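Owing to the predicted nature of the structure, the values given are computational and were not obtained by experimental measurement. Labels below follow one simple rule: chain letters A, B, ... track the order of the sequence lines, proteins then strands, and each chain is numbered from 1.
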Amino acid sequence: MKFSNFFSPTLKNVPAEAEIISHQLMIRSGMIKQSSAGIYSWLPLGLRVLKNIENIVRDEQNKAGAVELLMPTIQSADLWIKSGRYNEYGKEMLRITDRSGREILYGPTNEELITDIFQSYINSYKDLPKNLYHIQWKFRDEVRPRFGVMRGREFLMKDNYSFDLSEQDAIISYNKMFEAYIKTFLRLGLIPISLRAETGPIGGSLSHEFQILAKTGESTLYYDKALEQIDTTNIDTKKLQSYYAAVDDLHDQSKCPIEKNQLKIAKGIEVGHIFYFGTKYSEKLGAFVQNNRGENVPVHMGSYGIGISRLVGAMIEASHDDKGIIWPLNIAPFKISIINLMIDDENCKKVADNFYNQLSSKFEILYDDRDCSIGKKLSDNDLIGIPYQIIIGKRDVKDNLVEFKIRQTNESTKISIDEAINIVLKKLIYK
RNA sequence: CGGGGAGUAGCGCAGCCUGGUAGCGCACCUGGUUUGGGACCAGGGGGUCGAAGGUUCGAAUCCUUUCUCCCCGACCA
C-alpha cells in the first residue's frame with residue numbers, strides 16, 4: 001500500500017476527549033473517529049488491526065472445535081420475553097420499535113437467539129456436543145461509555161455457546177474454551193490472568209474472567225506468580241484454575257492462601273469472560289434433546305465472550321512507548337514500511353520502488369512515498385507502530401546502504417541494499 | 001443515575017469577569033529555501049462563537065432553556 005494512496009489521518013494534537021493513552025494513540029494514528037459517545041468509525045488503519053485480532057480469535061475458536069455462524073444485530077423482543085430477560089436487562093438494552101409497532105432490540109448478547117436456533121434443529125443427544133460462535137457487533141447502552149473503544153456502547157465481540165448433554169460434558173466444553181482463551185491471548189502477545197468470577201446477569205455457577213496485564217489497567221489483580229508462567233506447549237487448565245487470583249475488592253490479605261513472595265499485584269484489563277450456566281436458558285427456551293433413554297432433557301449450556309474491539313485498545317495499553325504504538329508482528333496493520341526520505345531523489349526512489357515491488361506481494365507493506373518532511377515520515381511510522389522499517393535516504397544510498405529499524409526496541413542498523421530483502425524475509429518469516 | 005467540567009476554524013486553546021460583530025499554535029493552500037527525527041521564510045484560505053429564546057442601540061461575552069461531549073462513582077466484553 002502506498003501511503004500517498006492510503007487514508008491515515010495522523011494528528012499531532014490530541015483531541016481533549018481522549019483521556020487514556022490507547023484512546024489518544026488510536027485517534028492520533030488515525031485508527032478511529034468518534035461518532036457519538038461510545039460509538040466509533042473504524043478508519044482503514046484501525047480496521048486492519050481489528051480484523052487481524054478478529055482472525056486470530058477466529059482461528060483459535062476453529063481449532064478448539066467451535067463452529068462459526070452469524071446472527072443478526074437486531075433481535076425480536078419475543079425471545080427475550082420468553083427467557084425473562086426483557087425486563088431484567090434494564091436500560092442497558094437498546095430497545096427500538098419498528099414501523100408496525102413491534103418491539104425489537106439491538107442485541108447486547110445472544111444466549112436467546114442461539115438457543116432458539118439450536119432448539120429448532122437439534123433433538124438428539126447424538127448431535128451433542130455443539131459449540132457455536134459468531135463475531136458480531138453488540139450494543140449496550142452503558143451509563144457511561146469511556147476510554148475509547150475499551151468501553152464503547154457499540155463493540156465487536158466474539159461470543160460462543162456450548163451445548164452438552166450433562167454438566168460433566170459441559171465442564172469439558174468449558175475447559176476446552178478456557179484453554180482456547182489462554183492460547184488466543186498468548187498468541188496476541190499478551191499475558192492472560194484467569195480469575196474465578198461472579199456470573200452476573202448471565203447467571204450460572206461457574207465462571208472465569210480473563211484479564212491481560214497492562215500498567216494502565218482498570219482493575220488491580222492479586223495472583224499467584226505461577227499464572228504468568230504458562231507452559232505454552234501444554235496448557236494445563238486444571239492447574240491454571242487452581243492458582244489463586246482475585247481482583248482487589250475480592251482479595252483479603254488476611255485470608256490469602258498463598259505466600260507473600262509468591263503473590264503478585266498488577267493491573268489488568270478484562271478482555272474475556274466465560275460462563276457455565278447449566279439449563280437456565282435451555283429450559284425457558286425449550287432447548288431439549290432426547291437422551292439415550294428417550295427422555296427429554298434440557299441441554300447444559302455455557303457462553304464465552306471475547307471483546308475484540310476492546311482488545312485493540314487493551315493491546316495498545318499493554319504495548320506502546322512515548323513515540324506511539326508498538327504492534328506485535330501478527331497484529332500490525334502493516335508488517336513493514338519502506339520509508340523513502342527523499343522522494344525527489346532518483347536513486348532513493350529506485351531503491352524504494354525495488355523493495356516495494358519485491359515485498360508487496362508477500363507481506364502487508366506500507367510504502368511511505370508521501371511528499372512531506374522527513375521528521376513527519378519517521379514519526380508517523382513510529383506512531384502507527386509498524387514493526388519493521390526500511391529507511392531509505394540519500395546519505396546511505398550513496399554507500400549502498402539502507403537503515404533497518406525495529407520498532408519494538410527502536411534499534412536500527414545499516415544494512416546493505418543487496419542484503420536487505422533477505423534480512424527482511426528472515427525477520428518476517430521466521431519470527 | 002449522583003457529583004464535577006467543557007462546547008469559539010479540522011485539532012489544541014485564548015478572548016467572556018469589566019458587552020462594541022473574533023485571535024494564537026498545529027494542520028491546510030501558494031511561492032521560495034531546505035532535506036537523516038514532527039523544517040524555515042513570506043504570503044493566503046477557513047469560524048458568527050453547540051442550539052433556541054431573552055436583555056440591550058449593540059451579545060462569543062449578561063440571563064433562561066435545551067442539546068452534546070468529557071471526567072469521578074456503581075456496571076461490563
If you check the A:F147 side chain, which of B:G25, B:C72, B:G37 turns out closest? B:C72
With both distances under 3.5 Å as the test, what is the Watson-Crick or G-U wobble partner of B:C69? B:G5
What residue among A:F6, A:F363, A:Y356 forms ring pair (Phe, Tyr, Trp, His ring centres under 6.0 Å) with A:F334? A:F6
Counter-base of B:U48, judged by Watson-Crick or G-U geometry with both distances under 3.5 Å: none
Side chain of A:R140 (C-beta onward), nearest among B:A39, B:A77, B:C69: B:A77
P gap between B:G58 and B:U68, integer Å: 32 Å
With no hydrogens and no angle check, do the side chains of A:Q389 and A:D382 hold a donor and an acceptor under 3.5 Å apart? yes
Which part of the nucleic acid, if any, lies within reach of A:K398 when heavy atoms closer than 4.0 Å are counted: base, sugar-phosphate only, or nothing? nothing
Pairing partner of B:G37, by Watson-Crick or G-U wobble and under 3.5 Å for both distances, is none
Using a 4.0 Å heavy-atom cut-off across all strands, classify A:R153 as base, sugar-phosphate, or nothing. nothing
In terms of relative ring orientation, are A:Y89 and A:W80 parallel, tilted or perpendicular, with 30° and 60° separating the classes? perpendicular
Which base sits across from B:C76 as a Watson-Crick or G-U pair, both distances under 3.5 Å? none
When you compare B:A60 with B:U34, how far apart are their P atoms, in angstrom units rounded to a whole number? 47 Å
Between B:A6 and B:G43, how many Å separate the two P atoms, rounded to a whole number? 37 Å
Is atom CG of A:D399 surrounded by more than 12 heavy atoms (other residues, nucleotides or ligands) closer than 6.0 Å? yes
5'-most contact on RNA chain B (nearest-nucleotide basis), A:I374 vs A:R146, goes to A:I374
Below 4.0 Å: OP1/OP2 of B:A39 and any side-chain N or O of A:S373: yes
Looking only at side-chain N and O atoms, does A:R144 come under 4.0 Å of OP1 or OP2 in B:A74? no
Looking only at the side chain of A:K91 (C-beta and beyond, no hydrogens), which of the listed nucleotides B:C76, B:C1, B:G12 gets closest? B:C1
Assigned partner base of B:G43, Watson-Crick or wobble definition, under 3.5 Å: B:C29
To the nearest angstrom, how far is A:L195 atom CG from B:A77 atom C1'? 15 Å
Please classify the nucleic acid contact of A:I391 as base, sugar-phosphate, or nothing, using heavy-atom distances under 4.0 Å. base
Spacing between A:E142 atom CD and B:C71 atom P, to the nearest angstrom: 13 Å
Any chance the side chains of A:Y133 and A:N62 put a donor and an acceptor closer than 3.5 Å? yes
A:F185 atom CZ is separated from B:A77 atom P, nearest whole Å, by 12 Å
Between the side-chain atoms of A:K323 and the base atoms of B:G38, is any donor-acceptor pair under 3.5 Å? no
C1' spacing across the pair B:C49 / B:G23, given as an integer number of angstrom: 12 Å
Donor-acceptor pair between A:Y244 and A:H251 side chains, under 3.5 angstrom: yes
Without decimals, in angstroms, what is the distance between A:M342 CE and B:A39 P? 14 Å
Is it true that A:E346 and A:K350 make a salt bridge, defined as a side-chain N closer than 4.0 Å to a carboxylate O? no
Would you indicate what A:D345 reaches in the nucleic acid, counting non-hydrogen atoms under 4.0 angstrom: base, sugar-phosphate, or nothing? nothing
Once you round it to whole Å, what is the distance between C1' of B:C11 and NZ of A:K33? 10 Å
Rounded to the nearest Å, what distance is computed from the CG atom of residue A:L11 to the P atom of nucleotide B:G12? 9 Å
Please classify the nucleic acid contact of A:G393 as base, sugar-phosphate, or nothing, using heavy-atom distances under 4.0 Å. base
Under 3.5 Å on both distances, the Watson-Crick or G-U partner of B:U18: none
B:C16 to B:C62 separation - C1' atoms, rounded to the nearest Å: 10 Å
Which comes earlier along RNA chain B counting from the 5' end, the contact point of A:E154 or that of A:D382, where each point is its nearest nucleotide? A:D382
Checking N1-N3 plus N6-O4 or O6-N4 for Watson-Crick, or N1-O2 and O6-N3 for wobble, each under 3.5 Å, the partner of B:U55 is none
Sugar-phosphate, base or nothing in reach of A:G152, heavy atoms under 4.0 Å: base
Shortest side-chain distance from A:E17, nucleotide among B:C70, B:U35, B:C75: B:C70
Output the rounded distance in Å from CD1 (A:I339) to C1' (B:G38). 13 Å
Paired to B:G23 by Watson-Crick or G-U wobble criteria (both distances under 3.5 Å) is B:C13
Does a side-chain N or O of A:Q34 approach OP1 or OP2 of B:C70 to a distance below 4.0 Å, or not? yes
Would A:Y174 and A:Y276 count as a ring-ring contact (aromatic ring centres under 6.0 Å, His included) here? Give the steps. CA-CA 7 Å; A:Y174 181 93; A:Y276 162 68; 7.2 Å; no
Just checking A:V271: base, sugar-phosphate only, or nothing, at a heavy-atom cut-off of under 4.0 Å? sugar-phosphate
Rounded distance (Å) that lies between atom C1' of B:G37 and atom NZ of A:K394: 18 Å
